[in-house]
Amino acid sequence: MASAFEYAPAPESRSVVDIAPSYGLFIDGEFTEAAEGKVFKTVSPSTEEVLSEIAQAGEADVDRAVKAARKAFVKWSALPGSERAKYLFRIARIIQERSRELAVLETLDNGKPIKETRDADLPLVAAHFFYYAGWADKLDHAGFGANPRPLGVAGQVIPWNFPLLMLAWKIAPALATGNTVVLKPAETTPLTALFFADICHQAGLPKGVVNILPGYGDAGAALVAHPDVDKVAFTGSTAVGKEIARTVAGSHKKVTLELGGKGANIVFDDAPIDQAVEGIVNGIFFNQGQVCCAGSRLLVQESIHDELLDSLKRRLSTLRLGDPLDKNTDIGAINSSEQLSRITSLVEQGEAEGAERWSPACELPSAGYWFAPTLFTNVTQAHTVARDEIFGPVLSVLTFRTPDEAVAKANNSAYGLSAGVWSEKGSRILAVANKLRAGVVWSNTFNKFDPTSPFGGYKESGFGREGGRHGLEAYLAPSSPEGER
């Protein structure tokens, strides 16, 4: 469909960020080489250019970082909450000051559009540090008993889809509650975590309080299994989450897992169509659909199916796919060749099973990893595209006739992370939302986040909550006699 408007390119400048040719591990307040001397390259998904060479952490590096964090824990946990808060406030302000630099860096390393990193990711990153800084001296009033104590060393493993935001979700509450951290970023997106290490330097954070270990799955596994780690926080695939649960079973470790999802976006016949279409687009095509809580299943009341689909297809035809640094871009690059292969395979399987595929006319760049926004219609609950998490810009459309049928189809999933309900009737929204087995239910919107609100799932979407007052609980234990761990 021809656009009524023509947009000239409006690229954000790369000159605002200075990427070094190589980076080390961040252990005990210093950048250092990996014990085994291994390195790996991080590339830009939109161009496949090598951005930098990164030290690859191994088991010996994990041990060194955990020992540094354990040593730092003694003094950090003894600080008054008001003193810890000063560091978190300082980190939040530095993030705001360097937000343009960090947004460009995240876009280069991850592939998501600059308008998302600039307008969504970075404001939320700073907001989480501001929010948990406010809790640091109020833990006695958080509802977890008098004088709750920190657990010790938190081992945190984060994914590649929101690298800096997932870091903030985990590090901010850990530090506010007096824990120290060893964090492993994803191997495809290590750069903003390493820049955060520099922010820790800039904020004067004591050595060893935060340690950053880029690396592969073996480093994450070693961190989870380390006997001196007291808290494990993981965001990623359900398969890895199950492996982590098996590893820590029977140990003293406290665990939170935020895993996959197959969110249902339910649109009733009285919903405002144009508003719902915008919410559907934001629900599945934000960050190229590489969102655990994406609204990847669209459940439309049968009577408005054709009208809604026509409107949705018109809207998709206006989305702009291309250079993620262009401020006009709506759809950026897929994060890696491996993820692109997975998306492609599942979409081909959907076609082979009889679902009807549609994409707008879309010219894909010759370099990089790209996938056009895609709809599947004539989908049943038995189709793979309606069951499996694709983690890409792919929407499966199903229909329903009654609210009970909508709830039954929405809950017919191994996952339970998110859902959306669209209706002009508040009573209908509340009635349906109370029956949905999902950790987050949005009404007449989708993918809206706030540091004051808890986030987490049911079933194979994991357990525990991050964000809000609830996000403090996983990093605290009731007070106990001195010296007991």
Kindly check if the number of other-residue, nucleotide or ligand heavy atoms within 6.0 Å of [atom1] ([X]) is above 12?
X    : atom1 : value
E351 : CD    : yes
K138 : NZ    : yes
R469 : CZ    : yes

Closest contact, heavy atoms only, W370 versus L340: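 Reported closest heavy-atom pair: O-CD1, 3.3 Å.
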For A133 against L88, the heavy-atom pair lying closest together: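 Nearest pair, atom of A133 first, then L88: CB-CB, 3.6 Å.
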Taking C-beta and beyond as the side chain, do V440 and C293 meet within less than 4.5 Å on heavy atoms?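 No, side chains not in contact.
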If we only count heavy atoms from C-beta on, is the V232 to T256 side-chain gap below 4.5 Å?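 With C-beta onward as the side chain, the pair stays apart.
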Testing the 3.5 Å rule here: is there a donor-acceptor pair between the side chains of [X] and [Y]?
X    : Y    : answer
D323 : S46  : no
S359 : T374 : yes
R90  : Q202 : no
T188 : N335 : yes
E460 : T238 : no

Could you walk me through whether D121 and K112 satisfy the salt bridge (charged side-chain N to carboxylate O under 4.0 Å, His left out) test, starting with their C-alpha distance in whole Å, then the side-chain angles of each, then the deciding distance to 0.1 Å, before giving a yes or no? CA-CA 10 Å; D121 293 33; K112 64 174 67 180; 2.7 Å; yes
Taking the basic N atoms (NZ, or NE/NH1/NH2) and the acidic carboxylate oxygens, is any pair closer than 4.0 Å for [X] and [Y]?
X    : Y    : value
R428 : D270 : yes
E466 : K170 : yes
E278 : R315 : yes
K262 : E389 : no
E12  : R118 : no

Scan T107, D330, D326 and name whichever one has a side chain to side chain donor-acceptor pair (under 3.5 Å) with K115.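 With K115 as partner, T107, D330, D326 yield a single side chain to side chain donor-acceptor pair (under 3.5 Å), made by D330.
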Starting from the C-alpha separation in whole Å, work towards a yes-or-no answer on side chain to side chain donor-acceptor pair (under 3.5 Å) for W422 and N265. CA-CA 8 Å; W422 298 82; N265 215 349; 2.7 Å; yes
Residue pair L194, F31: steps toward the side-chain contact (heavy atoms from CB on, under 4.5 Å) verdict: CA-CA 9 Å; L194 293 167; F31 284 99; 4.1 Å; yes
Aromatic contact between [X] and [Y], with the criterion being ring centroids under 6.0 Å apart: yes or no?
X    : Y    : value
F129 : Y87  : no
F40  : Y216 : yes
W169 : F455 : yes

Does E116 use its side chain to pair, donor to acceptor, with the backbone of N287 at less than 3.5 Å?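 Here the side-chain-to-backbone pair exists.
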When you look at R14 and E49, which way does the salt bridge (charged side-chain N to carboxylate O under 4.0 Å, His left out) test go after all the steps? CA-CA 14 Å; R14 287 186 58 162; E49 68 170 301; 2.6 Å; yes
Test side chain to side chain donor-acceptor pair (under 3.5 Å) on E353 and T384 and set out the steps. CA-CA 8 Å; E353 291 174 358; T384 300; 2.6 Å; yes
